[in-house]
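Working notes, structure below.
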Amino acid sequence: MSRHEVRVAILGAGMSGVCMAIQLKKRGYDSFVLLEKAGKVGGTWRENTYPGVACDVPSHLYSFSFALNPQWTRMYSPGSEIQQYIEDLVSRYDLGSHIKCNSTVVRASYVGNAWHVDLEDGTRYVTQVVVSALGGLHIPSIPNFAGMSDFGGEFIHTAQWPSALDVKGKRVAVIGTGASGVQIAPAIADQVAQLTVFQRTPAWVVPRGDFAFSNKAQEKFSTWPGLCRFYRWFIFWLLEIRGGFIKRDSRRNQWLESTAREFLLKSVADDELRQKLTPSFPIGCKRVLVSDDYYATLMRPNVDVETRPIGRIYEKGIQVEGGAMREFDVIVAATGFQPFVVNRSIDISGRNGCNLNEVWQERISAHRTVMVPGFPNLFFLLGPNSGLGHNSVLFMIESQARFIIRVLRTLRRAGLSTVEPRAEANEAFNCQLATDLENTVYGGGCGAWHTDSNDHNFTLWPHSTIRYYLTMRGFDPNEFLWQRSGASSG
Ligand code: NAP
């Protein structure tokens, strides 16, 4: 078994892991390693390569405040451009020597004031600090329809798109109408012979307003970085103000719902189809989708929407309940992810062998969204309740990375070795969060992926991002237990 000692181990080299690494480097912490299971960096943007993949947050905001990119080609740039942006960050900040690809972490155990981070190949990293940057939406959720193994064509989840697959002239089924489904359907509709969208629940959709930046605009952003920053702040505040829809029954919620209704009315002339596409839950309860061409796609002559539940899959196609079998060459499951399962796939044990899976058995939660009592010096990026439905999660990641740096500095300056949240502080924070969630559209009731089996929202932040920034900045040191090396916990 090979053994290495570093100060910080970052698990995962996606957007959040790379952000953490850059912040460490900028602040003079050079003893860190980024452990990545895949062959290259990128996380979500490496894995998701399906046609039409893009971020539903404008690119100038879906990039880091310390690394603006004047060269974005579109308001909503394609996934491949975001992947390139991440790879460029690695070069720009010279992170290459810190990144260990093909390093699958299987276990992280807190043993005598240090973390032992074990890889599948037997390598062990002994570290003071562990930062989990594994991402909440990573493990595909693949439905288990009867007869699935009988299907003779291609069955693909959106996050596992084979680069060689050509859907031209094929009969394609897309199952799911979430953020991925509404991107892929318009991207392939004009190439395929027939496209059937299997919709279980209609989603609220608002116009995206996508456009390409002209060369002139890109040049201006490059020449005047201040303009690029101003534009970014402009988008940030637009989304932040619109984010008032989170509050249940608020005026902005009503406004957003009427915008979505009008968009549907304007886009879909057919009454029967419009009826099928009209959601019956309050806007925001599930992620609000942004698309300029989804509704138009559904109106194409070679596209139809099937709302009857899937009954069985056969060798040649799909049969819905009460319907005949329809033939397909390709079935695309745009059926989402199993949130936080990746954190649980690694065996994480803290003080006295306390296991994270057991702690999270009843409810997934963390103090100030980043730390769990009993797990000293373990931090989560994009951890419980730090996802967003209205703005850029990169803002959240930066706030979290800054929080971690502040904690590390405090440890260093005071000659301390460990920090963990006090159980009572964690309890108070999460009780308040649960109360706050009740007044929002994220409070459950529509079967969204961001709630657990008890309809408790464990993924989304129920306030403005500014409030999150202040929450992460203004922590009280007394909420945490700080210790010197060798001291026993009390
Ligand atoms: P999703 O939002 O969870 O949507 C999954 C879709 O599949 C839903 O329409 C769901 O129906 C349907 N579905 C699931 N299981 C099914 C089954 N057994 N039978 C029939 N239909 C089934 O997944 P996603 O679209 O991949 O998006 C997940 C999240 O990833 C998003 O909310 C977003 O946070 C992120 N994402 C972001 C972007 C971006 O641009 N930023 C792009 C893609 C994804 P029900 O609604 O009835 O459950």
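Whatever order the structure lists them in is the order used to number ligands and atoms, beginning at 1. These numbers were taken from a predicted model, which means no experiment stands behind them.
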**Asked** Would the Phe236 and Trp233 ring centres measure less than 6.0 Å apart?
**Response** yes
**Message:** Using the side-chain hydrogen bond (donor to acceptor under 3.5 Å, both in side chains) definition, which of the options Arg287, Arg242, Glu240 pairs with His390?
**Reply:** Glu240
**Prompt:** Which atom names give the shortest non-hydrogen contact between Arg300 and Asp190, and what distance separates them?
**Reply:** NH2-CA, 3.4 Å
**Request:** Would you indicate whether the side-chain heavy atoms of Gln199 and Leu277 approach each other to under 4.5 Å?
**Result:** yes
**Mutual orientation of the aromatic rings belonging to Phe213 and Phe221 [parallel < 30°, tilted 30-60°, perpendicular > 60°]** = perpendicular
**Request:** List, ordered by chain and residue number, the protein residues whose closest non-hydrogen atom lies under 4.0 Å from any atom of ligand 1.
**Result:** Tyr50, Ala54, Cys55, Asp56, Leu137, Pro143, Phe145, Ile175, Gly176, Thr177, Gly178, Ala179, Ser180, Gln183, Arg200, Thr201, Lys286, Arg287, Ala334, Thr335, Gly336, Phe337, Trp449
**Distance-minimising heavy-atom pair for Pro58 and Tyr76** = N-CE2, 3.6 Å
